[in-house]
Amino acid sequence: MFNSEKWHGSPESVAYRPGKGLILALLAALAIVISLAGFFFWYIPTVGLRSIHPALPYVLGAVVTAISAALFFSAAIIINAAVKGKVPFYSPWLRWLIMKFYLPVMSVAGAIFKIPKIKTEQAFVAINNEMVRMMGRKFRAEKLLLLMPHCIQFDNCKIKVTRNVRNCAGCGKCEIGELLALSDKYGVSLFISTGGTVARRKVYEERPDAVIAVACERDLASGLQDAYPLPVFAIVNKRPRGYCMETGVAINDVKQAITALMGR
Ligand code: SF4
């Protein structure tokens with residue numbers, strides 16, 4: 001069992017909420033703004049285009065309409081995913097659109113509308129996880145990697161687990177022992193990383209088919225974009241003592257992620 005006696009909580013600890021309402025609002029607003037912008041970009045040069053060729057305004061109009069329709073269609077699919085947790089189909093193109101277009105634009109929109117960054121990052125994590133689920137792929141256990149941050153370790157533990165997690169004595173003072181047990185039970189790799197660069201190197205060396213990563217929202221948001229197109233199921237850590245110190249993870253969430261990715 002995890003020893004919570006020494007954890008007292010802190011105002012910096014942020015309870016993780018997927019924030020589906022935020023996803024819906026931002027996506028709907030973005031789809032409308034983009035379509036309106038598209039209309040104006042079509043309407044304004046229409047007069048000039050007509051002087052080149054009378055058909056050009058209609059060609060541009062068709063292109064703008066097609067792009068707007070695609071954006072609305074994808075936004076509708078994402079909203080459906082956020083509400084129902086499923087979509088009628090999955091397309092790599094849709095995931096690309098979300099990772100490379102909607103989510104960066106959502107961050108900018110969030111900054112403009114003064115939405116706390118952590119909220120857009122939580123929305124990013126939630127929608128990323130929906131997309132990974134929607135892929136519907138069954139990953140082999142040996143091709144799954146559990147990536148944990150070093151700050152998950154009990155602060156006074158003298159055992160070095162970053163080189164070899166099997167050094168852990170499983171004393172129960174932090175969750176590394178339980179994660180090791182999960183790793184053994186399902187046959188997935190477990191790595192405790194000292195930082196983003198080390199985590200990237202591990203992914204590069206191990207070449208997993210999918211990763212289950214635990215970290216704070218900020219690290220997850222940047223890591224997910226860096227790792228694309230590698231599917232990464234992201235789990236926000238617990239921070240009863242604030243950032244980067246004796247953080248934790250809901251073991252059941254990790255277990256569910258493993259079984260979901262293995263298709264069990
Ligand atoms: S569970 Fe392992 S890593 Fe955590 S404090 Fe105990 S021995 Fe150290």
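Since the model is a prediction, treat every value here as computed from it, not as a measurement. When a ligand or atom number is given, it counts from 1 through the structure's own listing order.
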Of all heavy-atom pairs linking V125 and V236, the shortest is CG1-CG2, 4.3 Å

Around atom 6 (Fe) of ligand 1, how many protein N, O or S atoms are there at under 2.8 Å?
1

Electrostatic pair K202:E205 at N-O distance under 4.0 angstrom
no

Pairing of E206 and R201 as salt bridge, 4.0 angstrom limit:
no

Pair F139-M262, side chain to side chain contact (heavy atoms under 4.5 Å, CB included): steps then yes or no
CA-CA 5 Å; F139 298 94; M262 288 174 68; 5.6 Å; no

Ring of Y204, cation from R207 - is the NZ or CZ under 6.0 Å from the centre and inside 45° of the axis?
yes

Does this structure show an ion pair linking R166 with D184, if we count only N-O contacts that are shorter than 4.0 Å?
yes

